[in-house]
Amino acid sequence: MYGNAYIDPNDKIDSQEESQEKLDAFEARIAAGDKIEPNDWMPDLYRKQLIRMIEQHAHSEIIGALPEGTWITRAPGFRRKLALMAKVQDEVGHAQLLYSAAETLGKSREAMINDLITGKSKYSNVFNYPALTWADSAIIAWLIDAGAIVNQLANSKGSYGPYCRALERICYEESFHLKYGHDNVVHLATGTAKQRQMVQEALTRWWPPIMHFFGPSDKESVHTETLMKWKVKMMSNDAMRQQYLDMYVPKIWDLGLVLPDPNLKKNQESGLWEYTEPDWEEFKRVINGDGPCNAERLAVRRMAEEKGRWVRRAILGEEAAYVIPFA
Ligand code: BYC
């Protein structure tokens with residue numbers, strides 16, 4: 001079991017409002033490929049699962065802006081600085097879209113931010129690692145954005161209208177980020193010996209967290225079955241990981257870079273990639289708050305909330321401006 005899941009995936013129909021008849025009609029709509037919209041009837045568990053997943057995704061976008069953001073002031077050259085600034089700004093914009101999508105399900109943005117900065121909500125494991133060199137920011141932009149696209153393209157065909165529409169727009173922007181990241185990695189991989197070494201070391205550092213990015217194996221996953229039944233999630237964790245390996249390992253090898261897994265190869269008979277299992281104990285520690293940068297990431301978000309409080313007060317008024325009880 002991965003941490004303090006506050007949703008029991010085996011929750012049964014739990015509200016008086018819910019009846020088998022309504023559930024059957026809801027599931028028939030999903031089977032027919034309809035989009036569910038905010039005011040439509042939905043089971044409590046569908047709502048809770050969507051809030052959990054969209055909220056975690058939104059948090060991942062704003063926290064995800066931090067490792068690359070630290071390189072804006074040190075980007076090599078004006079053009080790369082401009083491009084990185086635009087990318088980081090896009091990621092924060094994605095968080096806005098996703099928080100808005102989650103709000104349609106009844107959880108306020110204030111409550112979501114509060115759950116982030118008090119450590120109650122999760123966000124993607126990968127952003128709890130440091131971007132030590134410029135090459136790390138290039139690897140993130142290419143290979144983590146690539147992973148996000150695999151996930152988001154699949155889920156944009158899902159059942160909840162506001163999430164799907166947000167994902168569609170996010171995917172357009174991520175595709176551009178991926179090209180930007182690829183360009184940076186190619187530049188380093190075809191550059192001087194020192195640049196090649198720098199990008200190789202960054203790849204070696206990021207590969208295990210990237211393997212974790214798609215979540216635990218299907219047999220360990222807690223939520224996949226429920227999410228796939230209701231077309232919130234359109235591919236299992238292992239299926240996403242396999243698709244990613246199929247698309248990106250050949251491109252990485254083409255650049256002459258080495259992946260830090262001697263067992264990584266495609267089994268020609270099964271068509272599946274074989275690999276050494278990444279360290280799942282490390283994954284659990286990182287997603288539960290004990291990674292190399294968790295404390296630093298949340299401290300930055302807390303500072304942003306504290307420093308921005310007067311702005312929220314000025315715009316929203318005393319009543320609407322929340323004070324976060326994290327102190
Ligand atoms: N990191 O039952 P499972 C970006 C948790 S940002 C942390 O398989 P599920 C970018 C999981 O939440 C885009 N936690 O879960 C931004 C659950 O815990 P709880 C990031 C993880 O939901 C800036 C437990 O483990 N993408 O690209 O069926 C710059 C059991 O897992 C992770 C998203 O956020 C993880 N990697 O499937 C650059 C995608 N994996 O909640 C780039 C949205 C698992 O029970 N999320 N856990 O306490 C999803 O698609 C799904 O939630 C997952 C996991 C595939 C990640």
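Order of listing sets the numbers, starting from 1, for every ligand and every atom in it.
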Check against ring pair (Phe, Tyr, Trp, His ring centres under 6.0 Å), Phe213 and Tyr244: CA-CA 11 Å; Phe213 179 78; Tyr244 179 84; 7.9 Å; no
Under 4.0 Å to a heavy atom of Leu227 - the qualifying atoms of ligand 1, by number: 22 (O), 28 (O)
Residue portion contacting ligand 1 (non-hydrogen atoms closer than 4.0 Å) for Lys233: side chain
Any side-chain heavy-atom pair of Leu143 and Leu203 under 4.5 Å: yes
Shortest heavy-atom approach to atom 44 (C) of ligand 1 - which of Pro216, Gly181, Gly291: Pro216
Residues Ser100, Gln96; criterion side-chain hydrogen bond (donor to acceptor under 3.5 Å, both in side chains); working and verdict: CA-CA 6 Å; Ser100 298; Gln96 294 284 7; 5.5 Å; no
Those atoms of ligand 1 less than 4.0 Å from some heavy atom in Ala148: 27 (O)
Parallel, tilted or perpendicular, as decided by the 30° and 60° cut-offs, for the rings of Tyr46 and Tyr160: perpendicular
Parallel, tilted or perpendicular, as decided by the 30° and 60° cut-offs, for the rings of Trp134 and Trp71: perpendicular
Close side-chain approach of Ser159 to Arg29, heavy-atom, < 4.5 Å: no
Where ligand 1 meets Ser60 - atom numbers and elements under 4.0 angstrom, heavy-atom basis: 6 (S), 16 (C), 20 (C), 34 (O)
Contact atoms of ligand 1, heavy-atom distance to Asp145 under 4.0 Å: 38 (C), 42 (C)
Residue portion contacting ligand 1 (non-hydrogen atoms closer than 4.0 Å) for Glu91: side chain
Backbone or side-chain N or O of Ser221 under 3.5 Å from ligand 1 N or O: yes
For ligand 1, the portion of Ile287 having any non-hydrogen atom under 4.0 Å away: side chain
Element-labelled atoms of ligand 1 that are located less than 4.0 Å from some non-hydrogen atom of Thr224: 28 (O)
Lys87 heavy atom under 4.0 Å from ligand 1: yes
Members sharing Leu82's hydrophobic cluster (side chains within less than 4.5 Å): Phe78
Contact list for residues 91-106, test salt bridge (charged side-chain N to carboxylate O under 4.0 Å, His left out), sequence neighbours left out: Lys87-Glu91, Glu103-Arg109
Asp115/Lys122 ion pair, N-O < 4.0 Å: no
Atoms in ligand 1 flagged as close to Glu68, the criterion being non-hydrogen separation under 4.0 Å: 29 (C), 38 (C)
Asn39, CG atom: more than 12 neighbouring heavy atoms under 6.0 Å: no
Euclidean distance, Met42 CE relative to Leu23 CG, rounded to 0.5 Å: 13.0 Å
Among Val92, Leu98, Asn151, closest by any non-hydrogen atom to atom 49 (C) of ligand 1: Asn151
Atoms of ligand 1 close to His212 [distance to a heavy atom under 4.0 angstrom, numbered from 1]: 36 (N)
Inter-residue atom distance Leu255.CG - Leu188.CG, 0.5 Å rounding: 10.5 Å
Shortest reach to atom 41 (O) of ligand 1 by a heavy atom, considering only His57, Gln56, Glu61: Gln56
Heteroatom distance test (Gln152, ligand 1): nitrogen or oxygen, under 3.5 angstrom: no
Any Met240 heavy atom less than 4.0 Å to ligand 1: yes
Ligand 1 N/O within reach of Asn237 N/O, cut-off under 3.5 Å: yes
Contact atoms of ligand 1, heavy-atom distance to Gly215 under 4.0 Å: 40 (N), 44 (C)
Part of Tyr123 with heavy atoms under 4.0 Å of ligand 1, whether side chain, backbone, both or neither: backbone
Check against ring pair (Phe, Tyr, Trp, His ring centres under 6.0 Å), His212 and Trp280: CA-CA 8 Å; His212 288 148; Trp280 291 109; 5.0 Å; yes
Sub-3.5 Å N/O-N/O distance, Phe213 and ligand 1: yes
